Amino acid sequence: MVARLPCLRREDLSDGEPGAIVSPHADYDALASIYDACWGGETLRALPVLDRLILGELRPGARVLDLCCGTGQLARALVERGFDVTGVDASAEMLRHARRHAPGARFLHADARAFATPGAHDAALSTFDSLNHIMSLVELGAVFRNVRRALVAGAAFLFDLNMEAGYEARWRGSSFGIARDDHAVIGHARWDGAARQASLTLTLFHGAGADWRRADVTLAQRCYEEADVRTCLAQAGFGSVLTYSGEAGASNVGRTYFLGRAS
């Protein structure tokens, strides 16, 4: 998820108990349960792309880094495919759900801009426009350098970004609502083309019976130029960068996948 504040990091213990650390990412902690119910499964829509572009080349037991892993549905699918998975996310509450969904994975509570993993991974991925939440090129470069340090030479790094066409199509003044038995969401998206920034304002309600609670959350995204992303990848040690358009469907308009190889 988003990376706005300085890093807090601690690798999870092997017994799966959460690290006793306070997350600075309060918006994402507040969102976690509703995100898990409403959107966590959306990450699985990237599996056909992942299978085609990187997973098919990996041996059973290969180490895969799932950066900004959210509530762990994709990590679970990767474990089920026989991979050794490490998920990284800045939200302790997101990781609480991830441990439940993917008990066979290991999880690291860390900011994407400042993390380190023991050992080297055979591939890395980040899905569902997670890296659009990194709000400057300097910080995006820091993320890429951290990923490069986590990979063996020649390993693939695949991630997707919302590009300008996606923000124009989906973020320009659009609103939505979701109502379930134990939660409800009202959302409004805004896109500032001049500033190349977008925001999603969410009003969240969750509870049961007479005990309902409200939380207000605003999430920010940055729209990057493809050329700038390529430059950051090259400076971080990734070569042979290829790009692919998103799969068919309205949710993938303006979504680009970047595939780089660790030099």
Side-chain angles (χ1 to χ4, degrees), residues 1-3 43 45-59 62-70 74 78 83 85-89 110-117 119-169 196-198 221-249 251-263:
M1 298 298 292
V2 98
T43 57
R45 295 173 62 178
L47 275 172
V49 178
L50 301 180
D51 283 334
R52 186 170 75 248
L53 297 182
I54 63 171
L55 298 183
E57 70 185 43
L58 298 176
R59 69 187 190 281
R63 298 191 65 187
V64 178
L65 178 67
D66 182 4
L67 183 63
C68 305
C69 64
L74 182 58
L78 295 171
F83 299 119
V85 180
T86 298
V88 177
D89 203 278
D111 188 313
R113 300 167 308 168
F115 74 93
T117 60
H121 293 75
D122 302 297
L125 53 92
S126 186
T127 61
F128 210 30
D129 50 84
S130 294
L131 297 187
N132 284 110
H133 293 274
I134 306 299
M135 296 302 291
S136 75
L137 279 171
V138 170
E139 293 184 335
L140 189 64
V143 173
F144 292 164
R145 289 191 297 274
N146 294 335
V147 174
R148 175 60 189 90
R149 284 191 288 268
L151 294 176
V152 300
F157 175 33
L158 180 67
F159 61 94
D160 68 80
L161 291 174
N162 276 330
M163 309 303 281
E164 186 170 3
Y167 289 109
E168 291 285 351
R196 299 188 66 78
Q197 292 190 15
Q221 288 200 5
R222 168 80 183 272
C223 178
Y224 290 102
E225 297 280 2
E226 180 179 327
D228 292 333
V229 177
R230 287 178 172 274
T231 297
C232 281
L233 284 166
Q235 292 174 344
F238 289 96
S240 304
V241 176
L242 301 174
T243 58
Y244 301 85
S245 297
E247 299 296 283
S251 66
N252 282 311
V253 172
R255 186 184 302 276
T256 296
Y257 287 85
F258 291 78
L259 175 61
R261 297 277 173 180
S263 302

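Keep in mind that this is a model prediction, so the values were computed, not measured.
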| said: Quick one, Leu55 with Phe83, criterion side chain to side chain contact (heavy atoms under 4.5 Å, CB included). Give me CA distance, side-chain angles, the key distance, then yes/no. | reply: CA-CA 9 Å; Leu55 298 183; Phe83 299 119; 4.0 Å; yes
Just verifying a value: how many Å separate [X] [atom1] and [Y] [atom2], rounded to the nearest 0.5 Å?
| X | Y | atom1 | atom2 | value |
| --- | --- | --- | --- | --- |
| Arg222 | Gln197 | CZ | CD | 6.5 Å |
| Arg196 | Asp228 | CZ | CG | 8.5 Å |
| Leu158 | Thr127 | CG | OG1 | 9.0 Å |
| Thr231 | Glu226 | OG1 | CD | 10.5 Å |

Are the side chain of [X] and the backbone of [Y] linked by a donor-acceptor contact shorter than 3.5 Å?
| X | Y | answer |
| --- | --- | --- |
| Ser126 | Leu67 | yes |
| Tyr224 | Ser136 | yes |
| Arg148 | Ser263 | yes |
| Arg149 | Ala116 | no |
| Asn132 | Asn162 | yes |

| query | So Phe159 and Phe144, would you call those rings parallel, tilted or perpendicular, with 30° and 60° as cut-offs? | reply | tilted
Side chain proximity check, [X] to [Y], heavy atoms < 4.5 angstrom:
| X | Y | answer |
| --- | --- | --- |
| Leu151 | Phe238 | yes |
| Gln235 | Arg145 | no |
| Arg63 | Val152 | no |
| Leu74 | Leu50 | yes |
| Tyr244 | Asp160 | no |
| Val147 | Phe115 | yes |
| Phe128 | Arg45 | no |
| Asp66 | Val64 | no |

So which atom in [X] and which in [Y] form the shortest heavy-atom distance, rounded to 0.1 Å?
| X | Y | answer |
| --- | --- | --- |
| Asp89 | Gly70 | OD2-N, 2.9 Å |
| Glu225 | Met163 | C-CE, 4.3 Å |
| Leu259 | Ala156 | CD1-CB, 3.8 Å |

| query | Between Thr256 and Val229, does a side chain to side chain contact (heavy atoms under 4.5 Å, CB included) hold up when you go through it step by step? | reply | CA-CA 11 Å; Thr256 296; Val229 177; over 6 Å; no
